[in-house]
Amino acid sequence: ELANTISSVEAVNKTKSTGVRKLLKTITFQLEEALEKIEKLEKCIEKADAVKTKEAMFSLRETIDVLEGLIPEDVWPLPSYAQMLFML
């Protein structure tokens, strides 16, 4: 959706939306990092290494927390920590 919005705005303005493009790059980078961390977590789980699994979980959580802050609430597919804690 963000990429389509960028294309539409740039088609009308005939200029590049650098701020929005930067946001898209940041989100894309964080998503790729999350996918890599998910793979690492799955490998740790398969090996039944509790210490490395815990480390991988915390590492993944850091990336997901960043994504949760960047992506609007109405698009974010999971409940936020506040929603889970306070059942909003």
Side-chain angles (χ1 to χ4, degrees):
E1 288 179 29
L2 185 55
N4 288 336
T5 300
I6 291 170
S7 295
S8 297
V9 169
E10 289 177 354
V12 171
N13 289 339
K14 305 293 184 202
T15 60
K16 290 195 175 193
S17 306
T18 55
V20 182
R21 282 179 171 270
K22 183 178 178 182
L23 175 61
L24 180 59
K25 281 184 177 182
T26 302
I27 291 172
T28 302
F29 173 80
Q30 293 296 328
L31 284 170
E32 289 174 3
E33 192 167 298
L35 292 171
E36 289 173 11
K37 290 180 178 184
I38 289 169
E39 285 180 28
K40 182 178 180 180
L41 175 58
E42 288 172 343
K43 289 177 184 175
C44 292
I45 292 170
E46 286 175 12
K47 294 178 182 175
D49 187 333
V51 173
K52 289 192 179 193
T53 297
K54 185 177 177 183
E55 291 170 2
M57 288 172 59
F58 281 118
S59 179
L60 176 59
R61 179 181 171 185
E62 289 173 354
T63 303
I64 297 301
D65 286 348
V66 171
L67 281 167
E68 187 177 341
L70 293 171
I71 298 175
E73 186 177 315
D74 61 326
V75 179
W76 187 249
L78 303 170
S80 68
Y81 285 114
Q83 290 170 329
M84 288 188 288
L85 288 173
F86 304 113
M87 294 191 192
L88 300 174

Are the side chain of S59 and the backbone of E55 linked by a donor-acceptor contact shorter than 3.5 Å? no

Value for CG (L41) from CD (E46), rounded to nearest 0.5 Å, stands at 10.0 Å

Heavy-atom closest contact (A34 atom, L67 atom, distance): CB-CD1, 4.3 Å

Shared ILVMFWY cluster between F29 and W76, side chains joined below 4.5 angstrom? no

So how far is it from Q30 CD to K37 NZ, rounded to the nearest 0.5 Å? 7.5 Å

CG (L31) and CD1 (I71) are apart, to the nearest 0.5 Å, by 5.5 Å

Are F58 and M84 in one and the same hydrophobic cluster, where Ile, Leu, Val, Met, Phe, Trp and Tyr link if side-chain heavy atoms are under 4.5 Å apart? no

Just how far is it from atom CD of E33 to atom CD1 of I64, taken to the nearest 0.5 Å? 10.0 Å

Please report the interatomic distance CD(E32) to CD(E36), rounded to the nearest 0.5 Å. 7.0 Å

Just verifying a value: how many Å separate D65 CG and L70 CG, rounded to the nearest 0.5 Å? 11.0 Å

Hydrophobic cluster membership, V51 vs L60, 4.5 Å side-chain cutoff: no

